[in-house]
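For reference, the structure is listed below as structure tokens.
Just so it is clear, the values below take in all heavy atoms, side chains as well, and ignore hydrogens, waters and symmetry mates. Counting from 1, the numbers follow the sequence of the chain as shown. Counting convention: from 1, in listed order, for ligands and their atoms alike.
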Amino acid sequence: MAVRIIEKKIEDILSMMRNPAQVRNAGTLAHVDHGKTTTTDSLLMGAGLLSPKVAGKALAMDYVEIEQLRQMTVKSANISLYFEYEGKPYIINFVDTPGHVDFTGHVTRSLRVMDGALVVVDAVEGVMTQTETVVRQAMEEMVRPVLFINKIDRLIKELRLNPNEIQERIIEIVKDFNNLIDMYADPNFKDKWKVDPSKGQVALGSALNKWGVTIPQAAKAGLKFSNIVDAYEKNYVDELAQEFPLYRAILNMIVEHVPPPNVAQRYRIPKIWRGDINSPLGKALLEADPDGPTVIAVSKMNKDPHAGLIATGRVFSGTIREGDEVYLINAKTSKRVLQTYLYMGPNRIVIPEVPAGNIVALLGVDDARAGETIVASSIKDVAAPFERMKYISEPVVTVA
Ligand code: GDP
């Protein structure tokens, strides 16, 4: 399986990155085996992988194999997809989240750089313990969820449900999911963040068969549950996937319902940052101001065999550039940024600067660890770090 690479000039990528309305930072969360990997592959194959065009150089390849890409995301913690929605281009930064809930907080670290989470739920199994754990973690980090009810094919082929029963099953899963939001969301967001299928905040489909729809999409096209059952019974699932590709349902949902970074930071910063939000720095963070002082939250450190240690993180304020003098708050040390990169396409590509609201890879900040806060040296005496991330683990024994 291969993923298309979409080349764009660096200036065009930078101009998109400077316009938060065209940027989304999201990732996928799921209970084990509910289909996170299959769903992500489907998104990668459907959308293009954005890659900067280096002037005068022909790209070595037009496609990258899924396997190669998986290896790459393990290294990079992030890839960027290019997606056009209603005629407008978007950069969708897809943050890699670990495939299992662990005790070391990797999921939480990924959540810090995301504003939205695609939660995948198996239609037969429904909401499970790890669904609850990941939703709770997302709520702690003020990451807005959207829901993908996967494996609808199993309701038809294994459980032999009729169209009405399928609809009832979906309603039941949505209800269980919204109960989690009710339990764990910030009181101000409980109602706003509950997912409403009629508003396109829930997709249903089969990642295995690569089809998916939201209710508004189905209504617009006149698609009914009986048509979906028919597609399986009369063997035209491929046509269903052609007409209703999963990636389109999910990426539409992300563009529409995951807030752009500047909007998300207004409510996320008061919860995840320890400083005074009324200070000039606080205001720059709330607005994701690209002209404010530089503040970066590091989500992952990787060792590159050639370059050395690479930090991946989100720029919450300011614009980071090669040569910038920065201060690592936790490590209490000053460093100079040697290079700024984007993880796009199969390579890490040097980019002159990365503005607030985007994800960057940095060379030169060797003492940083996941969870580090990197700030411009000029504000090192006034800057506050991000909150420590809370590691929520699953209960060992569940008492009913
Ligand atoms: P993850 O653990 O959440 O990453 O789940 P995977 O994507 O690896 O999927 C787990 C298993 O479910 C694999 O055997 C997939 O082939 C299967 N699977 C994924 N999506 C679907 C689907 O839509 N329908 C069915 N029947 N199986 C699926």
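- Residue T39 has no nitrogen or oxygen atom sitting less than 3.5 Å from a nitrogen or oxygen atom of ligand 1, judged on distance alone.
- Counting heavy atoms under 4.0 Å from ligand 1, residue T38 touches it through both backbone and side chain.
- With a heavy-atom cut-off of 4.0 Å, L208 touches ligand 1 through backbone and side chain alike.
- Short contacts between ligand 1 and S206, defined as distances under 4.0 Å to a heavy atom of the residue, involve ligand atoms 22 (C), 23 (O), 24 (N).
- Side-chain contact between V237 and W211 is present, with heavy atoms from C-beta onward closer than 4.5 Å.
- Residue pairs meeting the salt bridge (Lys or Arg N to Asp or Glu O under 4.0 Å) criterion with at least one member in residues 322-340, sequence neighbours excluded, are K335-D367.
- For ligand 1, one of its N or O atoms has an N or O atom of N150 under 3.5 Å away.
- At a threshold of 4.5 Å between side-chain heavy atoms, the hydrophobic network of Ile, Leu, Val, Met, Phe, Trp and Tyr places I228 and V121 in one connected group.
- Ion pairing between a basic and an acidic side chain is recognised when a charged N comes within 4.0 Å of a carboxylate O; R18 and E353 show such pairing.
- Not a single side-chain hydrogen bond (donor to acceptor under 3.5 Å, both in side chains) links T373 to another residue, sequence neighbours left out.
- Taking any N or O of G35, backbone or side chain, at least one lies under 3.5 Å from an N or O belonging to ligand 1.
- Y267 and D186 share no side-chain donor-acceptor pair at under 3.5 Å.
- Of all atoms in ligand 1, numbered sequentially from 1 with element shown, those under 4.0 Å from a heavy atom of H34 are 3 (O).
- Judged by distance alone, the side chains of S279 and D276 never bring a donor and an acceptor atom under 3.5 Å apart.
- Counting heavy atoms under 4.0 Å from ligand 1, residue K36 touches it through both backbone and side chain.
- For V32, no nitrogen or oxygen atom sits less than 3.5 Å from a nitrogen or oxygen atom of ligand 1, counting backbone and side chain alike.
- Ligand 1 places these atoms under 4.0 Å from at least one heavy atom of R154: 26 (N).
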